[in-house]
J.: 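Take this structure first; my questions come after.
Just so you know, residue 1 is the first one in the sequence shown, and it goes up from there. Computed from a predicted structure; not experimentally measured.
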Amino acid sequence: MAKVKNKRENHNTKRGRYYAERGREMPGRDSRGGRPKPEGNGKTRRIESAGRTDFEKREETPDGSLIIGRNPVMEALKSGREIDKLMVSSREGSMIKILAMAKEQSVPVIMVEKAALDRIAAGRPHQGVVAYVSPYAYSELEDVFSLAEKRGEDPFLVLLDNLEDPHNLGAIMRTAECAGAHGILIPRRHACGLTEVVAKASAGAVEYMPVVKVTNMAQTVEELKSRGIWTAACDMGGKPYYQANLSGPLAVVIGSEGAGISKLVREKCDFVVSMPMVGHITSLNASNAAAVIMYEVRKQRDGN
């Protein structure tokens with residue numbers, strides 16, 4: 001048995017030397033010809049670990065694209081590319097300029113430990129910064145009004161106040177496209193952006209439904225009102241939705257999954273519409289509530 005083992009070791013040594021001379025690694029081995037390489041294709045993957053927070057697990061599995069390293073991130077900011085957020089572990093050196101540019105462009109910045117960035121970057125040199133960028137382009141508010149004008153219709157917008165669940169966002173986009181809405185508005189901070197999960201949940205609607213990022217939802221409501229758009233908050237304590245006048249230029253505001261519509265945004269709206277709740281559960285899922293309201297809008301626009 002000892003002779004067989006030595007013969008195998010000599011064979012492995014020769015194979016290792018052969019690949020080393022050519023600057024390559026032995027197939028299925030590490031650079032020393034030792035343990036088999038771990039499975040995977042080098043891409044970021046979810047790593048389960050006891051004691052790790054849900055936040056860290058979420059950040060290890062980005063749905064969109066990553067830009068890693070100080071120079072690439074700085075160039076992305078200079079070019080005006082839409083960046084969902086920055087994850088940084090340092091505020092020194094060239095990071096000062098990056099953070100200043102991010103602040104100027106209202107890009108959310110999240111401070112994390114270096115170990116968290118190591119996991120997100122999957123071994124690639126990140127230099128203390130990683131940027132999350134959307135694989136899909138956002139629109140401008142003027143694009144929404146242009147679409148309504150092109151169709152010869154009164155503007156119909158859906159405002160999502162801090163909606164964070166990508167499945168809900170995708171489902172709302174799908175319904176909005178089917179119901180004839182002209183655009184969806186989401187805040188830059190504390191909200192889900194356009195990710196692959198959203199795209200999948202939208203069943204292709206992401207390709208047709210304009211999505212606009214706004215800095216301040218309350219101010220946006222004020223701007224829409226100044227442009228002749230009536231704003232309806234979908235929340236508790238309002239008029240039954242089927243009794244409200246939802247015709248004409250309209251923006252429907254849907255709140256987040258847990259907190260609903262923020263107090264300030266609700267106060268800025270022209271009126272509140274509600275759905276009767278006769279069961280033991282006192283609220284609907286955000287995408288379900290949005291679907292009910294949007295199709296009431298469709299019904300009234302069709303004159304039914």
J.: Go through the structure and list residues passing side-chain hydrogen bond (donor to acceptor under 3.5 Å, both in side chains) with Glu296, not counting sequence neighbours.
T.: Gln300

J.: Going by the side-chain hydrogen bond (donor to acceptor under 3.5 Å, both in side chains) test, which pairs reach into residues 101-112, not counting sequence neighbours?
T.: none

J.: Report the hydrophobic cluster partners of Val214, with the cluster defined as I, L, V, M, F, W, Y residues connected by side-chain heavy atoms closer than 4.5 angstrom, directly or transitively.
T.: Leu141, Val144, Phe145, Leu157, Leu159, Leu185, Val212, Met217, Val221, Leu224, Ile229, Val253, Ile261, Val265

J.: Yes or no on side-chain contact (heavy atoms from CB on, under 4.5 Å) for Tyr132 and Leu66, after CA distance, side-chain angles and deciding distance?
T.: CA-CA 5 Å; Tyr132 283 73; Leu66 289 178; 3.8 Å; yes

J.: Taking atom CE of Met95 and atom OG of Ser89, what is their separation to the nearest 0.5 Å?
T.: 7.5 Å

J.: Under the salt bridge (charged side-chain N to carboxylate O under 4.0 Å, His left out) definition, can you give me all pairs with a residue in residues 267-286, not counting sequence neighbours?
T.: Glu222-Lys268, Lys225-Asp270

J.: Roughly how far apart are Glu177 CD and Met294 CE, rounded to 0.5 Å?
T.: 11.0 Å

J.: Got a donor-acceptor contact below 3.5 angstrom from the Asp161 side chain to the Ser262 backbone?
T.: yes

J.: Looking only at heavy atoms, what is the nearest atom pair of Pro166 and Ala201, with distance?
T.: O-CB, 4.3 Å

J.: Using 0.5 Å steps for rounding, measure from the CZ atom of Arg188 to the OH atom of Tyr138.
T.: 9.0 Å

J.: Measure across Leu117 and Val129 and return the closest heavy-atom pair with its distance rounded to 0.1 Å.
T.: CD1-N, 3.7 Å

J.: Do Ile96 and Leu99 belong to the same hydrophobic cluster, where Ile, Leu, Val, Met, Phe, Trp and Tyr are linked whenever their side-chain heavy atoms lie under 4.5 Å apart, directly or via other members?
T.: no

J.: Which pairs, with at least one residue in residues 204-220 and sequence neighbours excluded, count as a side-chain hydrogen bond (donor to acceptor under 3.5 Å, both in side chains)?
T.: Asp84-Lys213

J.: Let me check something: do Ile68 and Ile110 share a hydrophobic cluster, defined by ILVMFWY side-chain heavy atoms less than 4.5 Å apart, either directly or through other members?
T.: yes

J.: What residues form a side chain to side chain contact (heavy atoms under 4.5 Å, CB included) with Lys78, not counting sequence neighbours?
T.: Met74, Glu75, Lys97, Met101

J.: With sequence neighbours excluded, what pairs up with Met236 under the side chain to side chain contact (heavy atoms under 4.5 Å, CB included) test?
T.: none

J.: Taking atom CZ of Arg174 as the centre, report whether more than 12 heavy atoms of other residues, nucleotides or ligands fall under 6.0 Å from it.
T.: no

J.: Quick one: side chain to side chain contact (heavy atoms under 4.5 Å, CB included) partners of Ala191, sequence neighbours excluded?
T.: Pro187

J.: Please check if the number of heavy atoms outside Glu223 that lie under 6.0 Å from its CD is greater than 12.
T.: yes

J.: Please name the pair of heavy atoms, one in Ala199 and one in Ser202, separated by the smallest distance, quoted to 0.1 Å.
T.: O-OG, 2.8 Å

J.: Do the side chains of Tyr295 and Val252 join up, straight or via other hydrophobic residues, at under 4.5 Å, putting them in one cluster?
T.: no

J.: Using every non-hydrogen atom in the two residues, find where Ser90 and Arg70 come nearest and quote the distance to one decimal.
T.: OG-NH2, 3.8 Å

J.: Taking only residues two or more places apart in sequence, or in another chain, which ones meet Asn285 in a side chain to side chain contact (heavy atoms under 4.5 Å, CB included)?
T.: Asn168, Ser287, Asn288

J.: Could you tell me if the side chain of Leu194 sits less than 4.5 Å from the side chain of Met173, heavy atoms only?
T.: yes

J.: Keeping to residues at least two apart or across chains, list the salt bridge (charged side-chain N to carboxylate O under 4.0 Å, His left out) pairs with something in residues 276-294.
T.: none

J.: Apart from Leu147 itself, what residues make up its hydrophobic cluster, given side-chain heavy atom links below 4.5 Å?
T.: none

J.: About how many Å separate OG1 of Thr175 and CD1 of Ile293, when rounded to the nearest 0.5 Å?
T.: 12.5 Å

J.: Taking atom CZ of Arg151 and atom OG of Ser146, what is their separation to the nearest 0.5 Å?
T.: 12.0 Å

J.: Give every donor-acceptor pair under 3.5 Å between a side-chain atom in residues 243-250 and any protein atom, sequence neighbours left out.
T.:
from, atom 1, to, atom 2, distance (Å)
Asn245, OD1, Ser247, N, 3.1
Asn245, OD1, Ser247, OG, 2.6

J.: So if you build clusters from Ile, Leu, Val, Met, Phe, Trp, Tyr with side-chain heavy-atom gaps below 4.5 Å, do Ile254 and Leu264 land together?
T.: no

J.: At their closest point, which heavy atom of Thr231 faces which heavy atom of Cys269, and how far apart are they?
T.: OG1-CA, 3.3 Å

J.: Taking all atoms of both residues into account, what is the closest heavy-atom pair of Asp154 and His182, and its distance?
T.: O-CE1, 3.1 Å

J.: CE/Met275 to CG/Leu284 distance, rounded to the nearest 0.5 angstrom?
T.: 5.5 Å

J.: Linking I/L/V/M/F/W/Y whenever their side-chain heavy atoms sit closer than 4.5 Å, directly or via other members, would Tyr242 and Trp230 fall into one cluster?
T.: yes

J.: Are any non-hydrogen side-chain atoms of Val109 and Lys85 less than 4.5 angstrom apart?
T.: no

J.: Looking at Lys239, is its backbone amide N or carbonyl O close enough to the side chain of Ser274 to form a donor-acceptor pair, meaning the two atoms are under 3.5 Å apart?
T.: no

